[in-house]
Protein chains: 2
Amino acid sequence: MSKLILDSGVSRRALIVELVENGVIHSQSDLVKALARKGVKVTQATASRDLEELGAVRGKDATGVFRYQFIANTEVAATTLKNLVLEIDASGNLAVIKTPPGAAQLLAGQLDRAIKNGALAGIGSIAGDDTIMVISKSATGGSALAKAIDRFVSENQSMKRVR
Amino acid sequence: MSKLILDSGVSRRALIVELVENGVIHSQSDLVKALARKGVKVTQATASRDLEELGAVRGKDATGVFRYQFIANTEVAATTLKNLVLEIDASGNLAVIKTPPGAAQLLAGQLDRAIKNGALAGIGSIAGDDTIMVISKSATGGSALAKAIDRFVSENQSMKRVR
DNA sequence: CGATGACTTGCATAAATATACAAACCTAGG
DNA sequence: CCTAGGTTTGTATATTTATGCAAGTCATCG
């Protein structure tokens, strides 16, 4: 059984990623309204900061309408490990991490290093575009591993995004 | 005296493409100045129109600096989900899907949406180039999940993807 | 507790971008 | 030439986005 370990519900940023991917965000005030409808109240200033962190950009689509979207091969602004983690779940021997689009490989590299150092009790990880799976040493260690990862990213605030 | 106005070979837009690709355009007024240095005089309004036309967008780069850049065009031909699924297997808490080369990311996106909607009992997925792993909520749910995915792709024949 | 420091957010405003409109500029046809 | 139609551009302004700063939050440590 899976449980959300980070926020009480889905984090605001995960929500934003979803909204942006659904293509319904045409401006920041759009985003503010969409979030409000989901019960998340923030101002345009925060929307601006979130979109920047997530690497979303505004451009016209095929029909000439402005839309926020994620750039392929994202180059995200310098950020922290914590900012790359949207959600952490666990199941069996796995911890599953959601990231902004394109950031999974990057974060996984850091986690792999932590595993080699012995800072995390995993046997390896695999990353796609926006999801990472970390495999625990123990058959039921996913949940504990998820917590350890949460701690790890909180403690390692500084990281420069490269590429 | 008559003024000689000509674009000798290089059009303004080609020049803009070059400037943007060199990563030296941080704002539209930057572009206006850069063009002026090359002997092309336009205003910010025209810069705005040109950039829009060319599909350039503004976002922060790795060093936290704003930069105009081109977004990759990831348009995919409309197809059906079913056509993208070659094989579904299960093991433990995982369902593993084989797809034609390059289609995994696309299909995974759809599955993720289904997961978010509650249509599939998974906690996330990871896609490579031609393989997707979907993680079940339950430690032994891989097999049931595989069947659910099979049903899902059969029931959702139409899929459209823009941009 | 109470203080401290690191984050986060909103407010107010600056900065940047988009666009309505009018003038300038084509081009083709007579 | 002259005119009528479309296209491009600049001006002025509206719209949208970024950000300095202060206040609020939260965890930590003594």
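Bear in mind that the values here come from a model prediction, so they are computed numbers and not experimental data. A note on names: the letters A, B, ... follow the listed sequences, proteins ahead of strands, and every chain is numbered from 1. Side chains are part of it too, since the values below use all heavy atoms of this structure and drop only hydrogens, waters and symmetry mates.
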Could you tell me how far apart A:Asp150 (CG) and D:dA27 (C1') are, to the nearest whole angstrom?
14 Å
Expressed in angstrom and rounded to an integer, what is the separation of A:Arg13 atom CZ from C:dT8 atom C1'?
9 Å
Nucleotide by nucleotide, 5' to 3', does protein get under 4.0 Å of the base (B), only the sugar-phosphate (S), or neither (-) in nucleotides 18-27 of chain C, counting heavy atoms?
BBB-------
Non-hydrogen side-chain atoms of B:Val65 and B:Lys60 separated by less than 4.5 Å
no
Going by the side chain to side chain donor-acceptor pair (under 3.5 Å) test, which pairs reach into residues 23-38 of chain B, not counting sequence neighbours?
B:Ser27-B:Ser29, B:Gln28-B:Gln44, B:Gln28-B:Tyr68
I need the CZ-C1' distance between B:Arg12 and D:dG10, as an integer number of Å.
12 Å
If every non-hydrogen atom of B:Val57 is compared with every non-hydrogen atom of A:Arg58, which pair is closest and at what distance?
CG1-O, 3.5 Å
Side chain to side chain contact (heavy atoms under 4.5 Å, CB included) between B:Leu94 and B:Asp89: does it pass, once the steps are laid out?
CA-CA 8 Å; B:Leu94 299 174; B:Asp89 275 341; over 6 Å; no
Grab the CD1-C1' distance between A:Ile25 and D:dT16 for me, whole Å please.
15 Å
Hey, mind stepping through A:Arg13 and A:Leu54 against side chain to side chain contact (heavy atoms under 4.5 Å, CB included) and telling me if it holds?
CA-CA 8 Å; A:Arg13 295 212 168 148; A:Leu54 295 171; 4.2 Å; yes
Walk me through whether B:Asp112 and B:Ser125 qualify under side-chain hydrogen bond (donor to acceptor under 3.5 Å, both in side chains).
CA-CA 7 Å; B:Asp112 277 342; B:Ser125 73; 3.0 Å; yes
Length of the NE2-P vector between B:His26 and C:dT17, whole Å:
12 Å
